[in-house]
Amino acid sequence: MKDITIIGGGPAGLFASFYSGLRDMSVQIIEFQDKLGGKMHVYPEKIIWDIGGVPPKPSYEIIEDIVAQGLHFSPDVHLNERVINIEKFEEHHFVVTTASGASFHSKAVIIAVGGGIIQPLTLEIEGATRYEVTNLQYVVQSVQKYKDKKLVISGAGNAALDWAVTLAPHAKSVVLCYRKDEISGHEHMKEELARLGVIEKKRTVITQLMADATGQRIEKVELTQGDTTEVIAVDEVIISHGFNRDASLLDQATIQLERYDDFYIQGQGNASSSVAGIFACGDIVKHPAKVHLIASAFNDAANAANLAKQYIEPTARENGRVSSHNERFKEKNKQVLQNYL
Ligand SMILES: Cc1cc2nc3c(=O)[nH]c(=O)nc-3n(C[C@H](O)[C@H](O)[C@H](O)COP(=O)(O)OP(=O)(O)OC[C@H]3O[C@@H](n4cnc5c(N)ncnc54)[C@H](O)[C@@H]3O)c2cc1C
């Protein structure tokens, strides 16, 4: 039995893990994806500006820092586990069950599931998955990877257009193909694509991926527009067809929480929920003062850990001691200070 089960290993869950550790609580994090970091993995190459005091840098660098902090107090981490139920057996005893049949017991639960489980819509071409480890991507990891490469981007949504515009100045060539007649409502974007020399192919879909001699990489793609097909050489293929979102956990869980808009957990301005012992933080929470930002997830997470601490131990302090005055960092600070000597 752990003190806290945290469902979701995004920014909110990870800071809740750190703050729970700071408050001497044992933690287990349950995360569906095969890695921690939450939906920041959807936009790893984007530059983040709006985390207070953090200089602008790519999302993937911020993920590394957030994950390191979340693991600081050595929580148990269970990846590739989709939580399908939350039950309250009795006061101070919750059971969280996953699709694999595993169950996790704890005295309190922090829900940090963001907008649910997000997975890219994949290319429905037989055998496509084998190229995912080489040159077929659903998310742009870094601009560098595409430098001087011949790219095909499939999709007409904001992300596809953003990637075309971001990568075009660095790539050798960019072909943007999409099923629609037109990329509607993006006048400025259309001008930008033309200015950057992006070759637009309307009403066109990828119908075949052709491997090189090793069979490991895509060498050519077949594009089809109506009855016409053409084959073009590529170095990298990027598919941006949107995301599937599974947010069914809170609809189906035994424990029913008060919701907002049939989706969010109704918050009170802090991280409490309508069930004692269950707390919520990050994007899944809604209240009048809530801002759906990474920075706001941190605030929620500290609230969630503080409330959980008091739920488990009613005589505990309301808040954790700030880190600069916190005894538990005394020894660690000596190591950190070495960097400044
Ligand atoms: C394209 C894009 C750009 C953004 N840019 C910025 C920005 O510049 N600045 C900013 O501050 N914010 C930005 N955001 C918002 C920011 O990413 C979110 O506010 C933040 O990620 C919320 O963190 P979270 O931990 O609440 O949720 P998430 O990051 O969504 O993490 C939730 C985690 O819970 C897991 N999970 C969900 N359901 C289950 C389940 N049933 N079982 C197990 N695990 C589950 C998910 O797999 C996920 O890992 C952006 C968002 C997007 C989509």
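Keep in mind that this is a model prediction, so the values were computed, not measured. When a ligand or atom number is given, it counts from 1 through the structure's own listing order.
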Exercise for review: Compute the ring centroids of Phe18 and Phe73, then answer whether they are less than 6.0 Å apart.
Suggested key: yes
Review point. Would the Phe104 and His78 ring centres measure less than 6.0 Å apart?
Key: yes
Check your understanding: Hey, which atoms in ligand 1 end up nearer than 4.0 Å to a heavy atom of Gly10?
Key -> 25 (O), 31 (O), 33 (C)
Practice item. Quick one: pull up CD in Gln266 and CZ in Arg259 and give me the separation to the nearest 0.5 Å. Key: 11.0 Å
Point to revise | Which segment of Ala12 sits under 4.0 Å of ligand 1 when only heavy atoms are counted | key: both
Review point. Which residue owns the protein heavy atom closest to atom 30 (O) of ligand 1, what's the atom, and how far is it?
Key: Lys39 NZ, 2.9 Å
**Study point:** Sub-4.5 Å side-chain heavy-atom contact between Ile238 and Trp163
**Key:** yes
Exercise for review: Could you tell me the residue and atom name of the protein heavy atom closest to atom 9 (N) of ligand 1, and the distance to it rounded to 0.1 Å?
Suggested key: Asp50 OD1, 2.7 Å
Study note, to complete from the structure: the protein heavy atom lying closest to atom 33 (C) of ligand 1 turns out to be Glu31 OE1, 3.6 Å
Check your understanding: Would you say Arg321 has more than 12 foreign heavy atoms packed within less than 6.0 Å of its CZ?
Key -> no
Check your understanding: Which residue owns the protein heavy atom closest to atom 39 (C) of ligand 1, what's the atom, and how far is it?
Key -> Ile117 CG1, 3.6 Å
Exercise for review: Please state which part of Lys46 comes within less than 4.0 Å of ligand 1, counting heavy atoms only: side chain, backbone, both or neither.
Suggested key: neither
Point to revise | Interfacing atoms of ligand 1 (cut-off 4.0 Å, heavy-atom, Gly282) | key: 26 (O)
Review point. Is it true that Glu91 and Lys88 make a salt bridge, defined as a side-chain N closer than 4.0 Å to a carboxylate O?
Key: yes
Exercise for review: Give the residue and atom name of whichever protein heavy atom lies nearest to atom 4 (C) of ligand 1, and the separation in Å to one decimal.
Suggested key: Tyr43 CZ, 3.3 Å
Review point. Any sub-3.5 Å donor-acceptor pair from Lys149's side-chain atoms to Ala171's backbone N or O?
Key: no
Practice item. Name the option, out of Ala247, Gly114, Ala159, Pro11, that contains the heavy atom nearest to atom 27 (O) of ligand 1. Key: Gly114
Check your understanding: For ligand 1, which atoms sit closer than 4.0 Å to a heavy atom of Leu293?
Key -> 10 (C), 11 (O), 19 (O)
Review point. Counting each atom of ligand 1 from 1 as listed, which ones have a heavy atom of Gly38 under 4.0 Å away?
Key: 29 (O), 31 (O), 48 (C), 49 (O)
Review point. Taking the minimum heavy-atom distance to atom 42 (N) of ligand 1, which of Val83, Ile48, Ile86 ranks first?
Key: Val83
**Study point:** Per-atom contacts, ligand 1 versus Gly8 - under 4.0 Å to a heavy atom
**Key:** 33 (C), 34 (O), 35 (C)
Point to revise | Ring centres under 6.0 angstrom apart (Tyr260, His287) | key: no
Review point. Is it the side chain (CB and beyond), the backbone, both or neither of Phe32 that lies under 4.0 Å from ligand 1, heavy atoms counted?
Key: both
Point to revise | Tyr138/His41 aromatic ring centres below 6.0 Å | key: no
Review point. Can you list the ligand 1 atoms lying under 4.0 Å from a non-hydrogen atom of Glu81?
Key: 42 (N), 43 (C)
Point to revise | Pick from Gly9, Ala112, Gly13: the one approaching atom 32 (C) of ligand 1 most closely through a non-hydrogen atom | key: Ala112
Exercise for review: Within a distance under 4.0 Å of any heavy atom of Arg82, pick out the atoms of ligand 1 and give their elements.
Suggested key: 42 (N)
**Study point:** Asp24 bridged to Lys309 by N-O distance under 4.0 Å
**Key:** no
Review point. Should Asn306 and Arg23 count as side-chain neighbours, where that means a heavy-atom distance under 4.5 Å?
Key: yes
Study note, to complete from the structure: d(Ile117 CD1, Arg245 CZ) to nearest 0.5 Å is 11.5 Å
Revision key, fill the gap. When distances are taken from atom 26 (O) of ligand 1, the protein heavy atom at minimum range is Asp283 N, 2.8 Å
